[in-house]
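Comments concern the structure below.
Computed from heavy atoms alone, side chains included, the values below leave out hydrogens, waters and symmetry copies. The first residue of the sequence shown is numbered 1, and numbering continues consecutively from there. Quick caveat: nothing in here was measured; it's all calculated off a predicted structure. Indexing begins at 1, ligand by ligand and atom by atom, following the structure's order.
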Amino acid sequence: MEMLLGAFEMVNPNNGMPTWTHPDGRGDDWDDLSHWTKLAKTLDAAGFDFLFFADTYGYPTLEGRVPDETIAHGIQFPALDPMLMIAALAAQTTSLGFVVTSPTVAERPYGTARRFATLDRLTGGRIGWNIVTGSSQATTDALFGLESAAPGAHDSRYDAADEFVELCLRFWEQSWEDDAEVRDRARNVYADPTKVRPVSFDGVHHRGHGVFAVPPTPQRTPVLFQAGTSDRGRAFAARNAEAVFIQGQSIPQAAKVVADVRARAVAAGRPADDIAVISGATIIVAPTSEEAHARRAELDALYALDDAAVMFAGFTGVDLTREDPDTLLEDVVLPAGGAQGQTLLDRYRAQGSVRVRDVLDGFRGRGIRGFLVTGSPVEVADELETIARETGLAGFMLEPTFGGLGCFTDFCELVVPILRERGLLADAPGPTLRERMHPGGGPRLASTHPAAALRAHA
Ligand SMILES: Cc1cc2nc3c(=O)[nH]c(=O)nc-3n(C[C@H](O)[C@H](O)[C@H](O)COP(=O)(O)O)c2cc1C
């Protein structure tokens, strides 16, 4: 068994719950490019597979108003656009992959396809796209002047996302034949006009016609990640994703998600392991177990209940700040368009009859984090190995703790050598991100992916 290693980041002062005031936070560094190049170089040197950037145009609002907590404490606010940093980070690294979150609401397929293709060229095929419909959707809709979500919007946004991705895939896979870009100076032929053709797509939600202006890149299609494990989200993953990002809460829960994603891949005519399920993990490692647990307690003490409620609203569209703490979650009235992010709600619904108080308390300690792993280097390595073996997860994305680089450098120094010695990390994988993630396959979308049928080439 080998496991993939990624780092989960957002270009904001906190990454999730407020930590920016802590001396080990990144309150003063988050908008400094050198902070991110240091991180990228650390991960690259340690052999991490990718650096993943979550991102959203939105930020938590409650009934159209920005709560004071959002602005004062920096809850997913303010934030910079990670995509604009990737070329700089790639120039400082040799094999690390970069996965960037980009939403299907608010963007248009052509622009998204062009930006990812540009990055795939500039990085030599080290790019992945985390496809999301988008969190904090009410805020995004308002910022972009979009019509606010209609009833049933959750699933229809995924329907639109299916079309969005299909159109991007057509631009990447259909427009240019592999040998179209000849660059023949003597004949003054940059590209062979007989091998470049227009794409044509008329969907219900998206349309696009014309020749793609970026020639084929090393991977053509960036590695397709997906996050959002509602029923509709998983159907979207079965059709489109090569990797699914989850926030695993326990071995049984994560094992169930992995089994379900594998089954859905098979139902979609794909091999079960076509989709790598990767979980977030917040890891606190220190030379001794006691030191690690003391750090964990210090981190937990930073989180406040009000901040948790605001962030919860941002992800789900459900405002729990107005609810009596004793109200049962099942009795909370959902907003007119339904909950926009169901994954989080499902997490608490699965626990049976829970009250608003329990949801917020659980979310305060856990936030949008995955597995919580705390201990000495060997304890952490043991636990990651056990989780991976018992769940079928393909790997982990490390979530920052206090926000600074310390949690990553600690992990790289203390845990990576143990994982490597145990043969749990691949030796010299790559060079493209797709080959790192699915060793033995090529740089291009697998022939088993449903979109392989769209290809003009091969
Ligand atoms: C693990 C996880 C990570 C996510 N990361 C992002 C993100 O970075 N940006 C974003 O806009 N939405 C993010 N989302 C939310 C997605 O936009 C998702 O499309 C939304 O939650 C609706 O889908 P769902 O009901 O399937 O969860 C994430 C969701 C999950 C579960």
Side-chain angles (χ1 to χ4, degrees), residues 6-12 14-16 51-60 75-77 79-83 99-107 112 128-141 143-144 149 152-162 164-165 224-241 243-249 253-254 257 260-261 264 277-282 311-318 334-335 337-350 363 366-371 393 396-397 399:
F8 172 89
E9 270 293 1
M10 287 185 239
V11 192
N12 64 19
N14 285 313
N15 191 346
L51 169 54
F52 174 106
F53 285 104
D55 189 37
T56 170
Y57 281 121
Y59 38 80
I75 302 175
Q76 296 199 294
F77 179 95
L80 302 183
D81 187 332
M83 198 178 275
V99 183
V100 185
T101 301
S102 183
T104 53
V105 169
E107 300 290 1
T112 298
W129 172 22
N130 180 38
I131 312 165
V132 293
T133 52
S135 62
S136 299
Q137 294 185 347
T139 323
T140 307
D141 289 347
L143 287 167
F144 280 80
H154 176 272
D155 284 8
S156 80
R157 286 190 186 222
Y158 271 115
D159 297 343
D162 272 330
F164 190 114
V165 175
L224 301 175
F225 278 61
Q226 184 267 357
T229 40
S230 62
D231 194 52
R232 185 63 185 86
R234 291 186 206 195
F236 175 87
R239 169 177 165 151
N240 299 299
V244 169
F245 169 42
I246 67 164
Q247 285 141 348
Q249 303 296 299
Q253 172 265 353
V257 177
D260 184 58
V261 170
R264 286 179 192 244
V277 185
I278 299 170
S279 176
T282 296
M311 190 151 161
F312 189 88
F315 268 95
T316 58
V318 179
L334 299 180
Q340 285 310 315
Q342 293 179 5
T343 303
L344 257 183
L345 279 177
D346 290 346
R347 181 197 295 176
Y348 294 100
R349 283 175 180 147
F363 192 65
R366 192 116 202 179
I368 53 162
R369 297 173 178 281
F371 285 97
L393 282 168
F396 298 95
M397 267 191 234
E399 298 151 341

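Contact atoms of ligand 1 toward Gln247: 1 (C), 2 (C) (distance under 4.0 Å to a heavy atom of the residue). Heavy-atom contacts of Thr101 reach the following atoms of ligand 1: 7 (C), 8 (O), 9 (N) (cutoff under 4.0 Å). Here is the list of ligand 1 atoms found below 4.0 Å of a heavy atom in Ser230: 24 (P), 25 (O), 26 (O). Near Phe245, meaning under 4.0 Å from one of its heavy atoms, ligand 1 places the atoms 1 (C), 3 (C). With ligand atoms numbered from 1 in the order given, ligand 1 contributes 8 (O) to contacts under 4.0 Å with heavy atoms of Ala54. In the vicinity of Tyr158, heavy-atom distances shorter than 4.0 Å reach the ligand 1 atoms 18 (C), 19 (O), 22 (C), 23 (O), 24 (P), 26 (O). The atoms of ligand 1 that sit less than 4.0 Å from any heavy atom of Thr56 are 11 (O). Taking a cut-off of under 4.0 Å to the non-hydrogen atoms of Thr229, the atoms of ligand 1 that pass are 26 (O).
Proximity of Gly134 to ligand 1 is established by a heavy-atom distance of less than 4.0 Å.
Residue contacts with ligand 1, taken as heavy atom pairs separated by less than 4.0 Å, involve Asp55 solely via the backbone atoms N, CA, C and O.
If you check the side chains of Asp55 and Thr101, you find no donor sitting under 3.5 Å from an acceptor.
Here Tyr59 contributes atom OH and Asn12 contributes atom CG; the two are 14.0 Å apart, rounded to the nearest 0.5 Å. Expressed to the nearest 0.5 Å, how far CG of Asp346 lies from CD of Gln253 amounts to 10.5 Å. In this structure, Phe371 CZ and Gln247 CD are separated by 11.5 Å, a value rounded to the nearest 0.5 Å. For the atom pair Thr104 OG1 and Trp129 CH2, the distance stands at 7.0 Å (nearest 0.5 Å).
Scanning all heavy atoms of the two residues, the minimum distance from Leu393 to Ala254 falls at CD1-CB, 4.4 Å. Of all non-hydrogen atoms in Pro82 and Val11, the two that sit nearest each other are CB-CG2, 3.8 Å.
Contact check for Phe312 versus Leu345: side-chain heavy atoms found under the 4.5 Å cut-off.
A donor-acceptor pair under 3.5 Å is absent between the side-chain atoms of Glu9 and the main chain of Leu51, judged by distance alone.
Remark: among candidates Thr133, Ile246, Val132, the nearest residue to atom 13 (C) of ligand 1 is Val132, based on non-hydrogen atoms. The residue from Ala227, Gly248, Ser279 that puts a heavy atom closest to atom 3 (C) of ligand 1 is Ala227.
Backbone and side-chain nitrogen or oxygen atoms of Gly233 are examined, and none is located within less than 3.5 angstrom of a nitrogen or oxygen of ligand 1. Of the polar atoms of Ser135, at least one N or O is found under 3.5 Å from an N or O of ligand 1, judged by distance alone. An N or O contact shorter than 3.5 Å links His154 to ligand 1 by distance.
Under the salt bridge (charged side-chain N to carboxylate O under 4.0 Å, His left out) criterion, Asp162 pairs with Arg232, Arg239, sequence neighbours left out.
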